[in-house]
Protein chains: 2
Amino acid sequence: MPEKTYQIGVEATMEVIGGKWKSIILCHLRLKPMRTSELERAIPQISQKMLVQQLRELEAANIVQRHVYQEVPPRVDYRLTDYGHSLSGVLHQLCVWGEENIDLRREQGEAITLLHRDDL
Amino acid sequence: MPEKTYQIGVEATMEVIGGKWKSIILCHLRLKPMRTSELERAIPQISQKMLVQQLRELEAANIVQRHVYQEVPPRVDYRLTDYGHSLSGVLHQLCVWGEENIDLRREQGEAITLLHRDDL
DNA sequence: TGGTATACCCACTAAAAAGTAAGTATGAAT
DNA sequence: ATTCATACTTACTTTTTAGTGGGTATACCA
């Protein structure tokens with residue numbers, strides 16, 4: 001088995017939260033469990049395919065857990081695992097820095113809007 | 001001018017530190033200014049092209065500053081701007097979580113190594 | 001029997017990111 | 001004139017990531 005090597009810790013973190021969608025999904029799930037349709041509404045630009053695909057990858061990394069209710073019509077939600085919750089501080093900081101960055105850029109005259117703040 | 005809108009702060013953050021290389025470069029520059037050749041040694045997998053390209057993008061975002069010494073042969077280094085330093089906490093957390101993630105995975109039997117720790 | 005609602009899955013295409021290999025520019029030293 | 005060292009730059013190719021449009025399954029309900 002070939003050994004996997006990292007030069008620096010952040011590489012491993014980015015493998016988990018990197019890419020266009022994972023950090024966004026996780027920032028939402030950090031606040032509460034959400035079902036597929038809720039996530040689609042919260043992240044309107046994402047396609048169904050990408051949402052499911054990213055959730056599967058986060059499941060495989062043991063960051064989120066898929067929870068199936070035994071109901072009809074089907075009902076599923078996704079929530080952070082205990083391990084996923086260990087990312088909570090990182091995720092929150094990522095949100096906050098972005099909010100500050102947006103504020104600053106707007107103060108400097110850029111036409112830029114943030115729709116939802118992660119006020120915690 | 002079309003208004004740029006973000007749904008959530010983390011989107012703006014990832015625009016700055018996302019991609020395969022930026023967070024790695026920034027984690028190095030967080031600790032000290034470094035010249036091109038030093039960065040190449042610190043990040044052996046990166047190509048020259050990607051290194052320069054990512055540095056240019058970080059410059060454009062006002063996160064790093066290019067510093068030219070008036071010498072021959074040429075000598076240039078890159079360092080975080082004051083604004084770039086505002087990312088320091090985030091970057092450090094990204095490193096630390098990754099280190100913990102790697103430790104955990106090794107404890108669970110995965111063949112995995114971290115070469116350099118970000119001990120601060 | 002057909003419509004509703006949810007949560008998918010798949011094949012195909014398009015776009016973005018990254019990799020490779022070569023070349024340019026400067027000026028000093030030999 | 002040639003070589004050296006550094007820091008790029010460019011053209012081209014490959015790989016990875018993401019988007020589109022369709023289809024499936026379940027069981028209730030009219």
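The sequence lines fix the lettering, A, B, ..., with proteins before strands; numbering per chain opens at 1.
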Does OP1 or OP2 of [N] have a side-chain N or O of [X] closer than 4.0 Å?
X       : N      : value
A:Lys20 : C:dA16 : no
B:Arg66 : D:dA7  : no
B:Thr36 : D:dC8  : yes
B:Arg35 : D:dT6  : no

Please report the distance, rounded to the nearest Å, between [atom1] in [X] and [atom2] in [N].
X       : N      : atom1 : atom2 : answer
A:Ile25 : D:dT17 : CD1   : C1'   : 14 Å
A:Leu55 : C:dC8  : CG    : C1'   : 11 Å
A:Arg41 : C:dA5  : CZ    : P     : 13 Å
A:Asp77 : C:dT6  : CG    : P     : 15 Å
A:His67 : C:dT6  : NE2   : P     : 18 Å
A:Leu39 : C:dT6  : CG    : P     : 14 Å
B:Glu40 : D:dT6  : CD    : P     : 10 Å
A:Gln54 : C:dC8  : CD    : P     : 14 Å

Nucleic acid contacts - residues 7-16 of chain B versus DNA chain C, non-hydrogen atoms under 4.0 Å: none

Axis bend over the full length of the helix from C:dT1-D:dA30 to C:dT30-D:dA1, computed from five pairs that close each end, to 10 degrees: 30°

Any pair counted as salt bridge (Lys or Arg N to Asp or Glu O under 4.0 Å), so long as it reaches residues 86-95 of chain A, sequence neighbours left out: none

Under 4.0 Å protein heavy-atom contact, by nucleotide of nucleotides 20-30 of chain C - B base, S sugar-phosphate only: B------SS--

Contacts of type ring-ring contact (aromatic ring centres under 6.0 Å, His included), residue B:Trp97, not counting sequence neighbours: A:Tyr83

Residues forming a ring-ring contact (aromatic ring centres under 6.0 Å, His included) with B:His116, sequence neighbours excluded: none

Sugar-phosphate, base or nothing in reach of B:Tyr78, heavy atoms under 4.0 Å: sugar-phosphate

Between [atom1] on residue [X] and [atom2] on residue [Y], distance to nearest 0.5 Å:
X        : Y        : atom1 : atom2 : result
B:Glu107 : B:Ile112 : CD    : CD1   : 11.5 Å
B:Met14  : B:Ser23  : CE    : OG    : 7.5 Å
A:Gln54  : A:Trp21  : CD    : CH2   : 9.0 Å

Side-chain contact test, heavy atoms from C-beta onward, threshold under 4.5 Å: evaluate it for [X] versus [Y] and give yes or no.
X       : Y       : value
B:Glu40 : B:Leu51 : yes
A:Arg30 : A:Leu80 : yes
B:Leu29 : B:Met34 : yes

Pair A:Glu59 + A:Arg56: basic N to acidic O under 4.0 Å: yes

Short N-O contact, A:Asp77 and A:Lys32, less than 4.0 angstrom: no

Heavy-atom pair of closest approach, residues B:Ala12 and A:Arg105: CB-NH1, 4.5 Å

Candidates C:dG19, C:dC9, D:dA7 - which lies nearest the side chain of A:Arg56: C:dC9

